[in-house]
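Everything on this sheet refers to the single structure shown next.
Protein chains get the first letters and strands the later ones, always in sequence-line order, with residue 1 at the start of each. It should be emphasised that the depicted structure is a prediction, and the values quoted were computed from it without experimental measurement. No hydrogens, no waters, no symmetry mates; every other heavy atom, side chains included, goes into these values.
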Amino acid sequence: MRELTYTAAAREALAEQMAIDPTIFVVGEGIGPRGGNFMTTAGLYDLYGPMRLRDTPIAERGFIGLCTGAAMTGSRPVVDFMFLDFILDGMGELINQVAKIQYMSDGRLKMPIVLRGSIGVGGSAATHHSGNYYSIFAHIPGFKVVLPSTPYDAKGLFKTALRGNDPVMFLEHKLLLNTKGPVPEEDYEIPFGQARIARAGGKGCRATVVALASMVRKTLEACDQLAKDGIDIEVIDPRTVAPLDTDTILESLHKTGRLLIVDETFAPCGIGAEIAAQAVDRALDDLDAPVKRLNGAFAPTPYSPPLEAAMIPNATTIEAAIRDLLAE
Amino acid sequence: MTQTTDKLSKDQLLSLYRTMAVIRRTEEQLARAHQAGLIHGACHTYVGEEAVATGVCANLRTDDAVFSTHRGHGHALAKGVSPAALMAELFGRATGVSRGRGGSMHLFAPEVGMMGTSGIVGPCILQAAGAGYSFKLLNTDRVGVAFFGDGASNNGAFHEGLNMASIWKLPVLFICENNLYATEISINQSAGNPNVAERAVAYNIPGVQVDGNDVLKVYEAAREATLRARSGAGPTLIECRTYRTRAHAEGMRDAGYRSAEEVDAWKARDPLKLLAAQLPAADVAAIEAEVKAQVDAAYDFARNSPYPDPATATTHVFAD
Ligand SMILES: Cc1ncc(C[n+]2csc(CCOP(=O)(O)OP(=O)(O)O)c2C)c(N)n1
Ligand SMILES: [Mg+2]
């Protein structure tokens with residue numbers, strides 16, 4: 001199969017859907033002729049012009065609010081925010097308006113808005129360009145929160161986002177943007193709330209590891225290392241954290257008896273805490289050991305490479321965490 | 001400004017009066033209901049400001065989109081929500097305009113282009129700009145309208161919304177209801193320039209200040225702005241100078257921040273009285289009687305409506 005980068009795969013989904021659906025427009029800073037800071041819209045301006053590829057002033061709250069009104073009146077805005085950190089100025093619009101209007105209107109208004117852009121620690125981006133924050137949105141009723149980890153998933157999940165009627169946070173980890181993988185040319189959707197088994201464990205599989213976003217690749221690396229010692233691990237990528245496919249995680253846990261969640265962002269009140277709570281609540285009898293979490297450090301993200309590297313899990317620390325879990 | 005009274009037929013004038021009377025009598029009934037304990041939460045009335053919503057909405061079609069604020073009863077009624085559905089909402093009933101989910105500050109009636117009011121000051125300005133964006137993208141001649149207070153004009157949403165509407169020539173009316181106070185804070189204390197309309201210069205769009213208690217002045221300014229928006233020429237900022245003659249919200253004290261003389265002076269310029277003076281007394285009396293019957297019936301309807309089924313408390317969080 002043909003290989004594409006993660007960004008190209010998502011862009012293909014956008015381009016294909018824009019060709020079918022004239023109500024889609026994209027807003028953002030430099031997403032017009034420039035083609036996007038991360039090439040998210042390269043080539044599209046020439047096809048669709050300024051009304052559908054709209055370069056905005058640096059007014060994140062403003063254009064989120066504008067897109068809210070647009071979504072309520074028949075169009076489908078895609079907010080290309082570059083870095084998730086930038087839309088924190090629009091939190092009121094997001095949480096008080098975008099997430100609530102369908103409910104408050106008793107379902108008579110729809111909110112088909114996609115908010116997409118990069119997240120994650122890496123590349124010495126420092127603390128205002130490294131935010132993850134997905135657990136904040138997963139906490140709020142009204143958002144779907146998508147964390148694709150492969151080019152294949154990026155295309156299929158983006159299609160689903162663009163065809164649904166709910167607000168979607170489509171969050172692309174910056175270290176994944178240029179990674180390559182097989183992407184079919186044909187049209188396909190990947191439903192939200194359906195985890196992917198990123199590495200299937202065999203009969204003797206002894207632990208389940210749930211990994212998010214860029215942690216999926218790092219966890220797979222760690223598992224390759226463990227395999228050399230004959231240790232078999234099942235790895236699950238939830239792909240969307242809202243809705244969260246707990247069933248797939250718990251089915252795996254039923255088989256393995258041990259559970260580790262690897263998430264590069266903060267532990268308190270995070271997705272790992274939610275998964276652990278559900279495991280204890282629904283599958284206590286399956287647990288042969290305490291549920292473990294491996295998270296990034298609970299601090300803002302520093303710039304200097306050794307400091308930055310110290311903040312987040314890597315293949316070595318993941319491998320160690322799995323070995324610790326097996327020793328429990 | 002051109003003489004409007006000449007342009008409007010007698011029927012049109014009576015219709016403006018009827019809308020203002022519906023708002024006034026509904027608000028008075030809501031105030032009594034609040035005292036009687038029928039309203040479970042907040043209640044911000046529009047008494048004294050009826051000419052603004054009435055004059056603006058008389059220029060709108062059902063498919064034009066209005067976005068409003070915490071003081072939104074008048075906007076909803078002028079856009080076509082019935083007094084019955086409004087009252088039922090404040091009484092928390094299933095027949096309410098938002099099916100009991102919103103109360104005074106969250107009124108949704110997309111069927112008549114009432115796209116929502118908000119308990120947060122500011123967002124309606126941005127959302128109206130967004131409706132304008134949709135209507136332009138979809139090649140229609142519909143317009144978006146934001147109603148907001150003087151207080152909201154000092155919020156960042158005002159700057160970001162007017163700027164974007166200007167650069168993209170969006171079909172939007174920005175209606176600032178300058179009632180001189182944000183809760184108890186005077187506009188002179190909160191704005192470097194209390195003449196809100198003058199700020200339009202900063203966005204290179206037309207800005208007009210009108211007597212917001214004169215429904216004909218409001219109508220005329222909104223007519224020009226609506227025609228301008230529909231023709232593709234872009235947004236207009238209209239500052240309507242007006243006054244709320246009741247407290248900020250029902251049940252709140254209303255003293256210490258403004259003088260009785262000031263309140264009385266504005267009451268003397270009551271928007272209903274100003275228009276009634278130009279109309280035959282018998283016609284006004286007939287409308288008042290009709291409206292009273294309508295509001296009485298609405299009150300009975302609302303009071304006798306069922307509460308929503310608790311089993312529906314979590315429906316419609318998502319569409320899919
Ligand atoms: C963002 C936000 N801050 C504060 C409030 C509390 N609040 C409700 S109404 C109001 C005053 C608004 O004044 P103005 O915009 O002039 O409208 P008016 O009440 O005079 O119609 C305030 C501060 C709020 N609802 N939203
Ligand atoms: Mg005010």
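Looking at every heavy atom in both residues, A:T73 comes nearest to B:A65 through CG2-CB, 4.2 Å.
With chain A as partner, the option from B:P110, B:G156, B:G119 having the largest number of non-hydrogen pairs under 4.5 angstrom is B:P110. Chain A forms the most heavy-atom pairs under 4.5 Å with one residue out of B:G132, B:P123, B:A129, and that residue is B:P123. For the options A:R54, A:R52, A:R76, heavy-atom pairs under 4.5 Å to chain B are most numerous at A:R54. Among A:P141, A:P57, A:P50, A:G92, the residue with the largest count of heavy-atom pairs under 4.5 Å with chain B is A:P57.
Rounded to the nearest 0.5 Å, atoms CZ (A:R108) and CE (B:M115) are 10.0 Å apart. To the nearest 0.5 Å, the span separating OG1 on B:T315 from CD on A:Q102 amounts to 11.5 Å. Note that CZ of A:F63 and CG of B:L126 are 11.5 Å apart. Values are rounded to the nearest 0.5 Å. Rounded to the nearest 0.5 angstrom, A:M104 CE and B:M105 CE are separated by 9.5 Å.
Within residues 75-99 of chain B, the residues having any heavy atom under 4.5 Å from a heavy atom of chain A are, by residue number, B:V97, B:S98, B:R99. Residues of residues 239-251 of chain A having a heavy atom under 4.5 Å from any heavy atom of chain B: none.
Both the backbone and the side chain of B:Y133 come within less than 4.5 Å of a heavy atom in chain A. In this structure, the portion of A:F143 lying under 4.5 Å from any heavy atom of chain B is its backbone and not its side chain. Of the two parts of B:M164, only the side chain, counted from C-beta on, holds a non-hydrogen atom closer than 4.5 Å to a non-hydrogen atom of chain A. In this structure, the portion of A:E93 lying under 4.5 Å from any heavy atom of chain B is its side chain and not its backbone. Neither the backbone nor the side chain of A:P112 comes within less than 4.5 Å of any heavy atom of chain B. Proximity to chain A (any heavy atom under 4.5 Å) is shown, for B:A157, by both the backbone and the side chain. Only the side chain of B:L170 comes within contact range of chain A, with at least one heavy atom under 4.5 Å from a heavy atom of that chain. With a 4.5 Å cut-off on non-hydrogen atoms, B:D63 does not touch chain A at all. Neither the backbone nor the side chain of B:L107 comes within less than 4.5 Å of any heavy atom in chain A. Contact annotation for A:P167: neither backbone nor side-chain heavy atoms come within less than 4.5 Å of a heavy atom of chain B. In this structure, the portions of B:L137 lying under 4.5 Å from any heavy atom of chain A include both its backbone and its side chain. Both the backbone and the side chain of A:K144 have a heavy atom closer than 4.5 Å to some heavy atom of chain B. If you measure heavy-atom distances from A:N96 to chain B, the contacts under 4.5 Å come from the side chain alone.
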Evaluate B:Q127 against A:I101 for side-chain contact (heavy atoms from CB on, under 4.5 Å), listing each step before the verdict. CA-CA 12 Å; B:Q127 291 169 14; A:I101 281 174; 4.1 Å; yes

Stepwise side-chain contact (heavy atoms from CB on, under 4.5 Å) test for B:F108 and A:D106: CA-CA 9 Å; B:F108 289 90; A:D106 198 40; over 6 Å; no

Which atom pairs, donor and acceptor, lie under 3.5 Å between side-chain atoms of residues 26-41 of chain A and protein residues at least two apart or in another chain?
unit_1, atom_1, unit_2, atom_2, d
A:R34, NH2, A:N37, OD1, 2.8
A:T40, OG1, A:D80, OD2, 2.6
A:T41, OG1, A:I31, O, 2.7
A:T41, OG1, A:G35, O, 3.2

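Using modelled atom types, one side-chain atom of A:D166 and one backbone atom of B:D320 make a donor-acceptor pair closer than 3.5 Å.
When side chains are defined from C-beta on, B:F67 does not count as touching A:T68, because their heavy atoms never get closer than 4.5 Å. The side-chain heavy atoms of B:E160 and A:L66, taken from C-beta on, include no pair separated by under 4.5 Å.
Among residues two or more places apart in sequence or in another chain, the salt bridge (charged side-chain N to carboxylate O under 4.0 Å, His left out) test is passed with B:K136 by none.
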